[in-house]
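What follows is a short report on a single structure.
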2 protein chains.
Amino acid sequence: MVYGISMSQSDSTTKAANNLHRELARGSAELAVLALLASGRCYGYELLKRVRERGGPMVEIREGTLYPLLHRLEDAGMVASEWVTEGRARPRKYYVISGAGREHLALLAAEWRELIEGIGSLLDHIEEERS
Amino acid sequence: MVYGISMSQSDSTTKAANNLHRELARGSAELAVLALLASGRCYGYELLKRVRERGGPMVEIREGTLYPLLHRLEDAGMVASEWVTEGRARPRKYYVISGAGREHLALLAAEWRELIEGIGSLLDHIEEERS
DNA sequence: CAAGATGCCTTGTTACACAAGGTATTGTGT
DNA sequence: ACACAATACCTTGTGTAACAAGGCATCTTG
């Protein structure tokens with residue numbers, strides 16, 4: 001009505017409410033993957049499982065997210081990859097973090113801490129007002 | 001080359017490294033705005049200043065981000081708006097958080113805590129390996 | 001022999017963040 | 001009087017990550 005958009009309110013409301021939690025975790029996939037690779041080399045499918053085990057419900061990574069991410073990181077020189085065939089198993093593409101990758105991880109982790117602090121201070125503020 | 005974009009690799013590398021910190025903070029704008037509005041009504045320009053003061057360097061919000069966000073929140077019923085003209089000053093559009101907005105804020109805050117925990121457990125894990 | 005797990009990948013869609021631009025008023029410095 | 005910054009709202013176009021959905025191929029299990 002105000003902006004002349006031909007969309008019912010219930011639709012936009014539902015959409016907004018359902019999808020928003022995805023936005024919060026945006027960009028965290030990169031931090032998660034680099035953090036895991038800092039512990040040792042992994043192949044893609046392995047990363048998917050590890051994130052699922054240790055990352056909790058908000059850090060889920062899908063295949064359609066992970067593989068393009070790994071390719072971006074490799075193009076940027078943050079990781080290197082290597083195909084490994086063990087015995088009769090299917091070939092796996094192992095990823096290893098590079099020096100630049102570790103530096104970038106340190107930067108990302110620092111920014112992550114700053115973000116936590118910033119949001120935390122905004123959230124703490126409501127608590128004060130309400131008490 | 002890979003994506004058909006006429007961009008040298010050094011450019012794309014630089015770009016990736018520089019812009020990634022924006023991705024981490026993605027989606028946090030909504031949480032920040034709702035948190036501020038939970039303390040009391042605000043107008044847009046005021047929100048920009050408050051986030052700058054209390055949000056820290058990672059929670060910066062630009063005008064081109066804030067105003068569409070407020071409109072989305074209003075369309076979704078999370079906030080209500082009201083034009084107020086005080087004396088001879090320029091009219092201000094005040095936003096007030098709604099009941100649904102508070103519920104949504106609580107949900108977002110809970111998800112935020114889960115995200116912190118998940119990423120935290122992944123980051124702690126490297127510390128262990130390296131010690 | 002079918003179905004699921006393993007393991008890699010891509011294309012198309014969606015949604016947000018932002019740079020850049022616009023409009024208009026008020027206050028400040030010279 | 002005039003320029004400039006601050007106030008205060010807004011939009012369009014571009015970039016990009018996340019994802020759903022799909023594909024390919026092998027191995028294991030019922």
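Here is the naming used below: chain letters follow the sequence lines, and residue numbers restart at 1 for every chain. These numbers were taken from a predicted model, which means no experiment stands behind them.
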Touch class at under 4.0 angstrom, heavy-atom based, for G44(B) against every strand present: sugar-phosphate
Residue met sooner reading DNA chain D from 5', once I61(A) and Y95(B) are mapped to nucleotides: Y95(B)
OH-CD distance between Y45(B) and E63(B), expressed to the nearest 0.5 angstrom: 7.0 Å
K49(B)/E53(B) salt bridge by N-O under 4.0 Å criterion: no
Side chain of A29(B) - closest among dA17(C), dA5(C), dA18(D): dA17(C)
Closest nucleotide among dA17(C), dC10(D), dA18(D) to the Y67(B) side chain: dC10(D)
Would you tabulate the nitrogen or oxygen pairs shorter than 3.5 Å linking the protein to nucleotides 21-27 of chain C?
| from | atom 1 | to | atom 2 | distance (Å) |
| --- | --- | --- | --- | --- |
| dT26(C) | OP1 | R88(B) | O | 3.1 |

OP1 or OP2 of dC18(C) under 4.0 Å from side-chain N/O of T65(B): yes
Whole-Å distance separating the CZ atom of R72(B) from the P atom of dC18(C): 11 Å
Candidates dA8(D), dC9(C), dT6(C) - which lies nearest the side chain of H71(A): dC9(C)
Integer-rounded Å distance: dC9(C) P and L70(A) CG: 8 Å
Integer-rounded Å distance: dA17(D) C1' and L24(B) CG: 12 Å
Candidates L34(B), L73(B), V33(B) - the one meeting side-chain contact (heavy atoms from CB on, under 4.5 Å) with I97(B): L34(B)
Rounded interatomic separation in angstrom, taking NZ from K49(B) and P from dA5(D): 18 Å
G64(B) or E60(A), whichever maps to the more 5' nucleotide of DNA chain D: G64(B)
Rounded distance (Å) that lies between atom P of dC9(C) and atom CG of L66(A): 9 Å
Note: R113(B)-E117(B) ion pair, threshold 4.0 Å (strictly below): no
Separation of atom CG in L108(A) from atom P in dA17(D), rounded to whole Å: 12 Å
Same apolar cluster: L70(A) and V96(A), side chain cutoff 4.5 Å: no
Y94(A) and Y43(A) aromatic ring geometry - parallel, tilted or perpendicular at 30°/60° bounds: perpendicular
Option passing side-chain contact (heavy atoms from CB on, under 4.5 Å) with E30(A) (candidates R72(A), H104(A), M78(A)): H104(A)
Side-chain N or O of Y45(A) closer than 4.0 Å to phosphate OP1/OP2 of dC8(C): no
Short side-chain N/O contact to dC10(D) OP1/OP2 from R62(B), under 4.0 Å: no
Closest to the R92(B) side chain, choosing from dA5(C), dA8(D), dA18(D): dA8(D)
P91(A) or S28(B), whichever maps to the more 5' nucleotide of DNA chain C: P91(A)
Length of the line joining L48(A):CG and dA20(D):C1', which is rounded to integer Å: 15 Å
Atom-pair distance (CH2 on W83(A); C1' on dT26(D)), nearest Å: 13 Å
N or O in side chain of K93(A) less than 4.0 angstrom from dC9(C) OP1/OP2: yes
R26(A) side-chain proximity, nearest of dT16(D), dA8(D), dT6(C): dT16(D)
Option passing side-chain hydrogen bond (donor to acceptor under 3.5 Å, both in side chains) with S81(B) (candidates H71(B), E74(B), K93(B)): E74(B)
